Amino acid sequence: MPELPEVETIVRQLAPSVPGRRIVKARVFRPDVLREPPDHFRRGVTGATIRSVTRRGKNVVLVLSHSSVLVVNLGMTGRLLLLRPGVNAGPSHVAVDLSLESGDSLLYADTRRFGRLTLYSAEEWGRESRRLGPEPLGKSLDAEAFHQRLRGSKAPLRSWLLDQKHLAGVGNIYACEALHQAGIHPLRTASSLDSRESERLLRSLRRVLRKAIEARGTTLRDYRTASGEEGGFLPFLQAYGREGKPCPRCGSPIVRIVFSNRSAFLCPICQPAPPTGTE
DNA sequence: AGTGTATCCTGCAGGC
DNA sequence: TGCCTGCAGGATACAC
């Protein structure tokens, strides 16, 4: 669930208050969210000062002193919360608790435990980060560069958008929303878009991501901001999760299709189906 | 280079 | 009330 806007919301909330603070104690309740033995993780973070909190794709990136980097990928149900004792209540399914010297805690909670906390050296994280595609809201990606990237792939657009090596941060909700807004069918192949269509798709993608950030993300069920609040973007979804409900643009019922083992939501009128190629 | 399938997990909604 | 099935924001590995 946590896609770019949700992770960006969490990072924006943590960035003003967390950097400069030291981790005085680390408790691991669910070792399976770590990629290394719990005692190694505890040794790696205890005593370290958090230098910065940033985002790369769907990852929260915490740069620690001693040039190590703690990367949090929230999976489907992960939450990263700043818990102020006596102010906000703790969540269930706490996996890792990082106590800060002020008495606050940075909690990682995750019902399904698909999320991961990974401790990298700066070099290792640099390598990992370079494997991800460009940031969709970043300056380096212009319409021309986007079109060039699309031209190299025959994958269906929805699959292409979800692949983090093409673009970093797009998930199923915002892929479906952007395609709907751009009037492009999710099964169109990436390379089939002409320059006008690819420009329209990039514009739609950026618009929906920005709007979702403004609304502090989409809470379907589990997502919470770093302060434990729900995101406000759900009422603005035009296609995702709206099977059978009227398309806000043309009124015809939204349709759910499944491919690559995941649902896609679309308007069959606004998003004309590509030729099947079998006839 | 693609796709389909399965896996890691829990919880909730809907049908009966 | 309970049982069952299907479904869920993600990432990855496998066979084909």
Side-chain angles (χ1 to χ4, degrees), chain A residues 1-11 29-35 55-60 71-80 91-96 108-118 128-129 131-133 136 149-179 186-192 205 208-209 212-213 215-226 229-234 236-237 239-244 256-265 274 276-278:
Chain A
M1 68 168 319
E3 306 181 28
L4 187 155
E6 290 74 34
V7 177
E8 180 67 21
T9 299
I10 291 167
V11 166
F29 302 103
R30 307 299 310 227
D32 51 357
V33 305
L34 304 177
R35 297 203 195 260
R55 179 188 62 75
R56 175 76 173 104
K58 301 175 191 172
N59 302 288
V60 180
V71 176
V72 182
N73 185 293
L74 299 146
M76 293 278 236
T77 56
R79 298 179 185 180
L80 192 60
S92 56
H93 301 283
V94 175
V96 175
Y108 181 70
D110 192 344
T111 305
R112 292 172 72 183
R113 301 198 300 285
F114 288 174
R116 288 294 177 269
L117 274 62
T118 311
E128 287 302 310
S129 181
R131 296 174 57 176
L132 299 173
R149 286 183 168 267
L150 286 169
R151 285 169 65 176
S153 170
K154 285 184 177 169
L157 271 169
R158 201 279 308 266
S159 306
W160 191 93
L161 289 167
L162 261 49
D163 189 334
Q164 301 298 293
K165 73 175 187 288
H166 298 314
L167 281 184
V170 182
N172 205 19
I173 295 179
Y174 301 109
C176 290
E177 289 298 301
L179 288 164
L187 283 172
R188 290 274 302 277
T189 61
S191 59
S192 76
L205 183 61
V208 72
L209 292 173
I213 291 169
R216 287 177 290 103
T218 303
T219 296
L220 298 178
R221 177 176 301 171
D222 301 283
Y223 161 70
R224 294 295 182 278
T225 71
E229 315 261 89
E230 295 188 4
F233 198 67
L234 187 67
F236 298 100
L237 296 180
Y240 186 89
R242 300 189 67 250
E243 183 180 17
R256 182 175 82 100
I257 63 173
V258 177
F259 64 97
S260 303
N261 265 338
R262 312 194 68 179
S263 295
F265 298 87
T276 57
T278 52

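Below, chain A is the first sequence line, B the second, and so on; all start at residue 1. Quick caveat: nothing in here was measured; it's all calculated off a predicted structure.
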Taking atom C1' of C/dC7 as reference, at what distance in whole Å does atom CD1 of A/I173 sit? 14 Å
Please report the distance, rounded to the nearest Å, between CZ in A/R56 and C1' in C/dG10. 17 Å
So, do A/F114 and C/dG10 meet the stacking rule of ring centres under 5.5 Å and planes under 30°? yes
I'd like to know if A/E230 and A/R224 make a salt bridge, using a cut-off of under 4.0 Å between side-chain N and carboxylate O. yes
Looking across every strand, which nucleic acid part, if any, lies under 4.0 Å from A/R256 by heavy atom: base, sugar-phosphate, or nothing? sugar-phosphate
Interatomic distance where CZ belongs to A/R113 and P belongs to B/dT7 [whole Å]: 17 Å
Closest-nucleotide mapping onto DNA chain B: is A/N261 or A/K165 further toward the 5' terminus? I mean the 5' end. A/K165
Got more than 12 heavy atoms from elsewhere within 6.0 Å of CZ, A/F259? yes
Against the side chain of A/E3, the closest entry in C/dG10, B/dT3, C/dA8 is C/dG10
Both A/L162 and A/R112 contact DNA chain C. Which one's nearest nucleotide lies toward the 5' end? A/R112
note: A/L74, atom CG; C/dA8, atom P; distance rounded to Å ~ 20 Å
Using a heavy-atom cut-off of under 4.0 Å over every strand shown, decide if A/F233 touches base, sugar-phosphate, or nothing. nothing
Euclidean distance for P, C/dA13 against B/dC9 (whole angstrom): 16 Å
Inter-residue atom distance A/C176.SG - A/L162.CG, 0.5 Å rounding: 8.0 Å
Nearest 0.5 Å, please: how far is CZ in A/R242 from CD in A/E177? 8.5 Å
Can you find a side-chain donor-acceptor pair between A/T225 and A/R216 that sits under 3.5 Å? no
Side chain to side chain, A/K58 and A/Q164, heavy atoms closer than 4.5 Å: yes
Hey, does A/D110 reach any base, or is it just sugar-phosphate, or nothing, if we go heavy atoms under 4.0 Å? nothing
Rounded to the nearest Å, what distance is computed from the CZ atom of residue A/R158 to the P atom of nucleotide B/dG4? 10 Å
I'd like the C1' distance from B/dC8 over to C/dC3, given in whole Å. 25 Å
Consecutive Watson-Crick or G-U pairs in runs of at least 3, all under 3.5 Å, in which DNA chain B is involved: B:2-8 with C:10-16, B:10-16 with C:2-8
Distance in angstrom units between A/I257 CD1 and B/dT3 P, rounded: 13 Å
Roughly how many Å is it from CZ in A/R79 to C1' in B/dT10, rounded to a whole number? 13 Å
Atom CZ of A/F259 and atom P of B/dT3 are separated, to the nearest Å, by 8 Å
Test A/D32 against every option in A/R113, A/R116, A/R112 by the salt bridge (charged side-chain N to carboxylate O under 4.0 Å, His left out) rule and name the one that passes. A/R113
Looking only at side-chain N and O atoms, does A/R116 come under 4.0 Å of OP1 or OP2 in C/dG10? no
Which donor-acceptor pairs under 3.5 Å do the side chains of residues 165-173 of chain A make with protein atoms, sequence neighbours left out?
residue	atom	partner	partner atom	Å
A/K165	NZ	A/D163	OD2	2.8
A/N172	OD1	A/R158	NH1	3.0
A/N172	ND2	A/S263	O	3.0

